[in-house]
2 protein chains.
Amino acid sequence: MGNDLKNETSKDTSKDGGSTSAVETAYHRIRHMILTGEMRSGDKLLENQLATAIGVSRTPVREALNRLNAEGLVVLERYRRGIVADFSLNDAMEIFRLRAILEGHAASRAATRISDTDLLRLQEMERVMEAQFEELGWNEHLEGFDKLNSEFHAVIAAAAESPRLEKILASSLELPASIFNRYSEPVEVRTRRTHAQHREILAALKAHNPEWAQAAMNAHLFSLLPTASGSLEHEEKS
Amino acid sequence: MGNDLKNETSKDTSKDGGSTSAVETAYHRIRHMILTGEMRSGDKLLENQLATAIGVSRTPVREALNRLNAEGLVVLERYRRGIVADFSLNDAMEIFRLRAILEGHAASRAATRISDTDLLRLQEMERVMEAQFEELGWNEHLEGFDKLNSEFHAVIAAAAESPRLEKILASSLELPASIFNRYSEPVEVRTRRTHAQHREILAALKAHNPEWAQAAMNAHLFSLLPTASGSLEHEEKS
DNA sequence: CGATCAAAAAGTGTATACCAATTCAACGAA
DNA sequence: TTCGTTGAATTGGTATACACTTTTTGATCG
């Protein structure tokens with residue numbers, strides 16, 4: 001299309017390409033800050049401050065905050081400034097309980113639907129996760145692990161071919177990594193077990209056995225669920 | 001600037017009272033139109049037109065549309081006008097499958113947590129539903145039934161004491177009544193069965209028996225799930 | 001010194017105007 | 001018919017203004 005510009009106002013000439021919308025930018029930036037722990041529970045989220053920091057106006061920031069509020073990562077109350085949500089031990093337990101139910105169901109459906117190429121992708125992801133762990137050790141592998149792990153679960157959720165299920169898992173049951181690490185067992189305890197469980201889930205999917213896949217996924221997630229015994233120490237830090 | 005217009009343009013917007021925000025007003029109005037079938041799948045949702053119709057500005061209408069989009073009732077694509085979402089048979093089946101899983105879990109939890117006053121509320125609701133049916137007959141009772149039925153399920157979801165579960169059920173798994181009626185068995189077939197199932201759920205909750213409550217709720221929802229006979233309609237998305 | 005309360009400051013909710021990017025619809029040509 | 005083309009319509013986003021509410025500040029009082 002030979003589109004000749006009639007009025008190149010030479011204003012901002014934004015280099016960001018414009019392909020991603022301003023809300024998307026704001027949403028991902030803020031979400032990332034929360035999930036990685038760059039922002040902590042209770043931190044203030046001021047619309048103007050975020051807008052200038054991200055480089056957009058208040059409007060898309062407000063939309064992003066609303067989405068994050070709906071997802072439970074941000075608490076918004078009328079006329080009050082937003083704050084990063086606080087996750088108690090009970091919240092973490094609830095999230096893992098629901099994830100166990102829903103991802104178990106997803107694994108069950110995925111077992112009879114997943115493609116061979118997706119199976120290979122999962123296998124490769126797990127291989128890389130384990131290789132990084134061997135190479136980097138107990139703690140250094142975490143940042144890469146989190147990303148691959150999310151992707152591993154996301155591939156299974158997508159293979160379930162249930163768009164609402166996929167959306168719920170992706171948007172309503174996230175927990176900031178910092179919170180997860182606070183309530184979970186130490187890395188040393190859970191890493192090897194997680195890899196074994198991933199391998200078992202993969203085996204069940206390869207066998208196209210829905211019950212096995214569901215059970216393996218359930219076991220995996222329930223094993224991550226923080227124990228109720230820790231209810232004594234949930235008001236540790238302020 | 002004639003900033004003289006207070007608020008409450010011609011219509012008093014019913015009994016809401018003035019304390020609700022403009023987004024809430026817009027959200028509930030549009031949502032109601034979709035769920036009751038006043039707007040049908042594919043209908044256009046123009047921001048300006050909705051804004052003037054509801055009596056607010058574009059800004060809150062946009063927020064409302066975004067929320068409805070996230071809930072799956074509205075389809076928004078960039079620069080395109082919003083349309084009321086279309087629900088295929090597969091969509092209806094998916095929704096009831098997920099509701100069965102999640103409301104079954106909710107019923108299980110509710111069985112050991114529900115208060116006596118909530119049990120009485122449920123009993124009363126069911127009594128009214130059945131009385132209205134006896135009085136009004138097969139079709140005339142529907143509009144009142146839908147409301148009470150939603151409330152019945154909502155009370156159980158709330159009694160589960162799992163806020164995220166409650167929110168997911170309330171916001172991500174709704175189906176417009178018109179769609180439900182299109183895909184479901186005719187009223188005559190399902191009404192008596194529904195009342196019997198409600199009574200059974202109530203009995204299980206009264207007995208504080210989680211497994212029974214879960215099974216009864218599952219049976220209830222699966223019995224409403226449209227039959228898979230017409231399995232492959234293509235639902236094209238591009 | 002600390003509690004209380006009212007005014008000032010800060011922040012959100014909404015309206016409005018405006019423009020760019022894109023879609024939508026009507027028209028005309030091959 | 002079926003294509004492009006083109007102008008109108010619509011959304012995405014910025015900016016500004018202001019009402020309403022919360023939050024902070026600061027003065028006053030016990």
Side-chain angles (χ1 to χ4, degrees), chain A residues 1-30 42-70 74-84, chain B residues 1-11 13 16-30 42-70 74-85 237-238:
Chain A
M1 286 92 110
N3 180 5
D4 83 314
L5 314 172
K6 57 173 59 172
N7 202 3
E8 174 73 9
T9 51
S10 76
K11 190 53 188 300
D12 55 326
T13 345
S14 58
K15 67 147 298 293
D16 65 286
S19 61
T20 46
S21 65
V23 260
E24 290 289 292
T25 311
Y27 170 74
H28 287 296
R29 285 277 291 272
I30 301 170
D43 282 0
K44 294 187 267 274
L45 294 157
L46 306 187
E47 296 179 356
N48 270 317
Q49 167 191 311
L50 289 168
T52 61
I54 297 174
V56 297
S57 74
R58 262 183 77 199
T59 313
V61 168
R62 286 181 54 94
E63 281 195 20
L65 288 178
N66 276 316
R67 283 170 64 173
L68 293 164
N69 174 241
V74 163
V75 177
L76 293 184
E77 279 170 292
R78 203 179 185 199
Y79 295 122
R80 305 187 114 104
R81 40 200 199 215
I83 60 175
V84 178
Chain B
M1 340 320 195
N3 52 3
D4 176 63
L5 80 160
K6 277 292 201 177
N7 53 1
E8 301 302 337
T9 63
S10 48
K11 299 174 75 169
T13 55
D16 265 336
S19 67
T20 46
S21 66
V23 261
E24 290 290 293
T25 310
Y27 170 75
H28 287 297
R29 286 277 291 272
I30 301 170
D43 282 359
K44 296 187 259 277
L45 295 157
L46 305 188
E47 297 178 356
N48 270 317
Q49 165 191 313
L50 288 168
T52 60
I54 297 174
V56 298
S57 75
R58 262 182 77 198
T59 316
V61 169
R62 294 187 46 132
E63 281 196 15
L65 288 178
N66 275 315
R67 281 172 66 174
L68 293 165
N69 173 238
V74 163
V75 177
L76 293 183
E77 280 171 288
R78 207 174 185 208
Y79 294 122
R80 304 187 119 105
R81 38 198 196 218
I83 60 175
V84 178
K237 257 191 200 292
S238 60

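Quick note: numbers below take in every heavy atom, side chains included, and nothing from hydrogens, waters or symmetry partners.
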Grab the [atom1]-[atom2] distance between [X] and [N] for me, whole Å please.
{"X": "A:Asn69", "N": "C:dT12", "atom1": "CG", "atom2": "P", "value": "13 Å"}
{"X": "B:Leu50", "N": "D:dT11", "atom1": "CG", "atom2": "C1'", "value": "13 Å"}
{"X": "A:Leu46", "N": "D:dT21", "atom1": "CG", "atom2": "P", "value": "20 Å"}
{"X": "B:Tyr79", "N": "C:dC19", "atom1": "OH", "atom2": "P", "value": "16 Å"}
{"X": "A:Gln49", "N": "C:dA10", "atom1": "CD", "atom2": "C1'", "value": "13 Å"}
{"X": "B:Glu47", "N": "C:dT16", "atom1": "CD", "atom2": "C1'", "value": "15 Å"}
{"X": "A:Leu76", "N": "D:dT22", "atom1": "CG", "atom2": "C1'", "value": "15 Å"}
{"X": "A:Glu63", "N": "C:dT12", "atom1": "CD", "atom2": "P", "value": "16 Å"}

(request) Please work out if B:Leu65 contacts a base, only the sugar-phosphate, or nothing of the nucleic acid, heavy-atom cut-off 4.0 Å. (result) nothing
Dump every N/O contact between nucleotides 5-8 of chain D and the protein below 3.5 Å, one line per pair.
none

(message) Heavy atoms from C-beta onward define the side chain here; which of C:dA15, D:dT14, D:dG13 lies closest to that of B:Arg78?
(response) D:dG13
(message) What verdict does the side-chain contact (heavy atoms from CB on, under 4.5 Å) test give for A:Ile30 and A:Leu45, after you've listed the backbone C-alpha separation in whole Å, the side-chain angles of each residue and the deciding distance to 0.1 Å?
(response) CA-CA 9 Å; A:Ile30 301 170; A:Leu45 294 157; 4.3 Å; yes
Can a side chain N or O of [X] be found less than 4.0 Å away from OP1 or OP2 on [N]?
{"X": "A:Arg81", "N": "D:dT24", "result": "yes"}
{"X": "B:Arg62", "N": "D:dT10", "result": "no"}
{"X": "B:Arg80", "N": "C:dC24", "result": "yes"}
{"X": "B:Thr59", "N": "C:dG13", "result": "no"}

(request) Check A:Ile54 against A:Thr25 and note the closest heavy-atom contact, atom names and distance. (result) CG2-CG2, 4.2 Å
(message) So for A:Arg58 and D:dG13, does any side-chain atom that can act as donor or acceptor lie under 3.5 Å from a complementary atom in the base?
(response) no
(message) Within this structure, what is the CG-CZ distance for the pair B:Leu46 and B:Arg58, rounded to the nearest 0.5 Å?
(response) 11.0 Å
(request) Kindly compute the distance separating CG (A:Leu50) from OG1 (A:Thr52), expressed to the nearest 0.5 Å. (result) 8.0 Å
(request) Would you mind reporting whether A:Leu76 and A:Ile83 have side-chain heavy atoms less than 4.5 Å apart? (result) no
(message) If the threshold is 4.0 Å, N to carboxylate O, is there a salt bridge linking B:Glu24 and B:Arg67?
(response) yes
(request) Before accepting this row, confirm whether a basic side-chain N of the pair A:Glu63/B:Arg62 lies closer than 4.0 Å to the acidic partner's carboxylate O. (result) yes
